[in-house]
Trainee: 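What follows is a structure written as structure tokens; I'll ask about it next.
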Amino acid sequence: RVQLAESGGGSVQSGGSLRLSCAASRSTVSMYCMAWFRQVPGKEREGVAIIEAGGSPSYTDSVKGRFTISRADAQNILYLEMNNLKPDDTAVYYCAADPDNEYDLPCVLPRGFTSWGQGTQVTVSS
């Protein structure tokens with residue numbers, strides 16, 4: 001397991017941008033699968049973007065072309081760059097990691113993860 005800590009959330013107007021960061025407690029170089037999720041009160045947690053070590057990222061349809069997930073393994077950080085934000089993007093955003101692929105699952109959404117951060121609030125006003 002790994003400890004994760006998100007930062008970078010805040011309040012922006014529709015069309016604005018934010019960059020979320022997720023700092024890991026140990027090296028991310030060999031972490032098999034990492035992802036960003038979001039959740040609004042009363043709804044299930046939704047996978048937003050996912051990236052495999054050395055692989056290409058993938059996104060849920062509602063954020064394609066607007067969000068970019070990336071790994072800065074030299075700094076042990078996972079990023080989520082969010083552009084052209086919409087009110088529907090308002091949620092608590094969580095990062096997740098499955099460093100060792102304990103359950104031998106592919107790195108695709110939907111998927112379970114073994115480590116989670118505490119979340120960061122993103123609020124987009126119209």
Side-chain angles (χ1 to χ4, degrees):
R1 306 285 170 99
V2 58
Q3 290 183 331
L4 303 170
E6 303 94 336
S7 61
S11 298
V12 296
Q13 290 191 328
S14 183
S17 298
L18 283 173
R19 187 176 75 164
L20 305 183
S21 300
C22 173
S25 61
R26 62 177 178 91
S27 174
T28 60
V29 170
S30 60
M31 284 192 189
Y32 170 66
C33 190
M34 302 185 76
W36 286 96
F37 285 72
R38 64 186 180 188
Q39 189 171 25
V40 297
K43 293 190 176 181
E44 290 188 359
R45 195 168 293 188
E46 174 192 27
V48 173
I50 193 167
I51 187 166
E52 182 177 347
S56 298
S58 62
Y59 304 89
T60 192
D61 286 346
S62 63
V63 308
K64 284 180 181 178
R66 300 188 298 122
F67 289 13
T68 302
I69 187 173
S70 62
R71 301 169 60 137
D73 289 334
Q75 290 82 35
N76 301 333
I77 295 176
L78 178 73
Y79 290 110
L80 184 67
E81 184 78 33
M82 305 185 294
N83 297 312
N84 190 22
L85 282 160
K86 305 175 181 180
D88 284 348
D89 295 318
T90 295
V92 177
Y93 283 72
Y94 299 89
C95 69
D98 182 7
D100 305 311
N101 197 15
E102 293 181 37
Y103 301 104
D104 195 25
L105 299 173
C107 187
V108 294
L109 292 170
R111 188 189 194 279
F113 284 83
T114 54
S115 300
W116 292 87
Q118 81 289 347
T120 185
Q121 176 71 45
V122 171
T123 303
V124 185
S125 58
S126 58

Trainee: Given side chain to side chain contact (heavy atoms under 4.5 Å, CB included), test V122 with R38 step by step and report yes or no.
Mentor: CA-CA 9 Å; V122 171; R38 64 186 180 188; over 6 Å; no
Trainee: Mind listing the closest non-hydrogen atom pair of E46 and S62 along with its distance?
Mentor: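 Heavy atoms of E46 and S62 come nearest at OE2-OG, 4.1 Å.
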Trainee: Is there a path of hydrophobic side-chain contacts, each under 4.5 Å between heavy atoms, that joins F37 and V92?
Mentor: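 Both belong to a single hydrophobic cluster.
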Trainee: Would you say that R66 contacts Y59 through its side chain, given a criterion of any heavy-atom pair below 4.5 Å between the two side chains?
Mentor: no
Trainee: Can you check whether S70 reaches I51 side chain to side chain, under 4.5 Å on heavy atoms?
Mentor: no
Trainee: Could you give me the CA-CA distance, side-chain angles and deciding distance for V29 and R71, then say whether side chain to side chain contact (heavy atoms under 4.5 Å, CB included) is met?
Mentor: CA-CA 9 Å; V29 170; R71 301 169 60 137; over 6 Å; no
Trainee: Between D88 and K43, is there a salt bridge with N-O shorter than 4.0 Å?
Mentor: no
Trainee: Looking at P87 and S126, what are the two nearest heavy atoms and their distance?
Mentor: CG-CB, 3.9 Å
Trainee: Using a strict cut-off of less than 4.0 Å between a Lys/Arg side-chain nitrogen and an Asp/Glu carboxylate oxygen, indicate whether K64 and D61 qualify as a salt bridge.
Mentor: yes
Trainee: Using only atom types and a distance under 3.5 Å, with no angle test, would you say the side chain of S7 pairs donor to acceptor with the backbone of L20?
Mentor: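 Pair absent, no side-chain N/O of S7 close to backbone of L20.
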Trainee: Take D89 and M82 through the test side chain to side chain contact (heavy atoms under 4.5 Å, CB included) and record every step on the way to the result.
Mentor: CA-CA 9 Å; D89 295 318; M82 305 185 294; over 6 Å; no
Trainee: Can you tell me how far CH2 of W116 sits from SG of C22, rounded to the nearest 0.5 angstrom?
Mentor: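 If I round to the nearest 0.5 Å, the distance is 11.0 Å.
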Trainee: State whether the number of non-hydrogen atoms from other residues, nucleotides or ligands found under 6.0 Å of Q118 atom CD is greater than 12.
Mentor: yes
Trainee: Is the shortest side-chain heavy-atom distance between C33 and I50 below 4.5 Å?
Mentor: yes
Trainee: Between I69 and Y94, is there shared hydrophobic-cluster membership here, with clusters defined by ILVMFWY side-chain heavy atoms closer than 4.5 Å?
Mentor: no
Trainee: Check S115 against R1 and note the closest heavy-atom contact, atom names and distance.
Mentor: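 Reported closest heavy-atom pair: OG-CA, 3.6 Å.
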Trainee: If you measure from CG on D73 to OG on S30, what distance do you get to the nearest 0.5 Å?
Mentor: 8.5 Å
Trainee: Looking only at heavy atoms, which two atoms of L109 and V48 are closest? And how far apart?
Mentor: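 Where L109 meets V48 most closely, the heavy atoms are CD1-N, 4.0 Å.
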Trainee: Please check if L4 and Y79 belong to a single hydrophobic cluster, counting links between Ile, Leu, Val, Met, Phe, Trp and Tyr side chain heavy atoms closer than 4.5 Å.
Mentor: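 No, because L4 and Y79 fall into different hydrophobic clusters, even though each may have its own neighbours under 4.5 Å.
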Trainee: When you measure from the side chain of N76 to the backbone of T28, do you find a donor-acceptor pair of N or O atoms at a distance under 3.5 Å?
Mentor: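 Yes, the answer is positive, given that a donor and an acceptor are paired below the 3.5 Å cut-off.
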Trainee: How many angstroms lie between atom OG1 of T114 and atom OH of Y32, to the nearest 0.5 angstrom?
Mentor: 12.0 Å
Trainee: Kindly indicate whether the side chain of L18, heavy atoms from C-beta on, has any atom under 4.5 Å from the side chain of L85.
Mentor: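 Yes, close enough: below the 4.5 Å cut-off.
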Trainee: Is a donor on one side and an acceptor on the other found under 3.5 Å between the side chain of Y93 and the backbone of G9?
Mentor: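 A pair under 3.5 Å: no.
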Trainee: Which heavy atom in S25 sits nearest to a heavy atom in V2, and how many Å separate them?
Mentor: OG-CG2, 3.3 Å
Trainee: Tell me if a side-chain donor or acceptor on E6 pairs with a main-chain N or O of T120 at a distance below 3.5 Å.
Mentor: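 The answer is no, because no donor-acceptor pair under 3.5 Å joins these two groups.
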Trainee: Tell me whether R111 contacts the main-chain N or O of P106 through its side chain, where contact means a donor paired with an acceptor under 3.5 Å.
Mentor: yes
Trainee: Check S21 against I77 and note the closest heavy-atom contact, atom names and distance.
Mentor: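 S21 and I77 have their closest heavy atoms at CB-CG2, 4.2 Å.
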Trainee: If hydrophobic clusters are built by linking Ile, Leu, Val, Met, Phe, Trp and Tyr wherever their side-chain heavy atoms come under 4.5 Å apart, do M31 and L78 end up in the same one?
Mentor: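 Per the 4.5 Å side-chain linkage, M31 and L78 are co-clustered.
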Trainee: Taking the six-membered ring where the residue is Trp, are the ring centres of F67 and W36 under 6.0 Å apart?
Mentor: no
Trainee: Do V12 and V63 share a hydrophobic cluster, counting only Ile, Leu, Val, Met, Phe, Trp and Tyr and linking them when any side-chain heavy atoms are less than 4.5 Å apart?
Mentor: yes
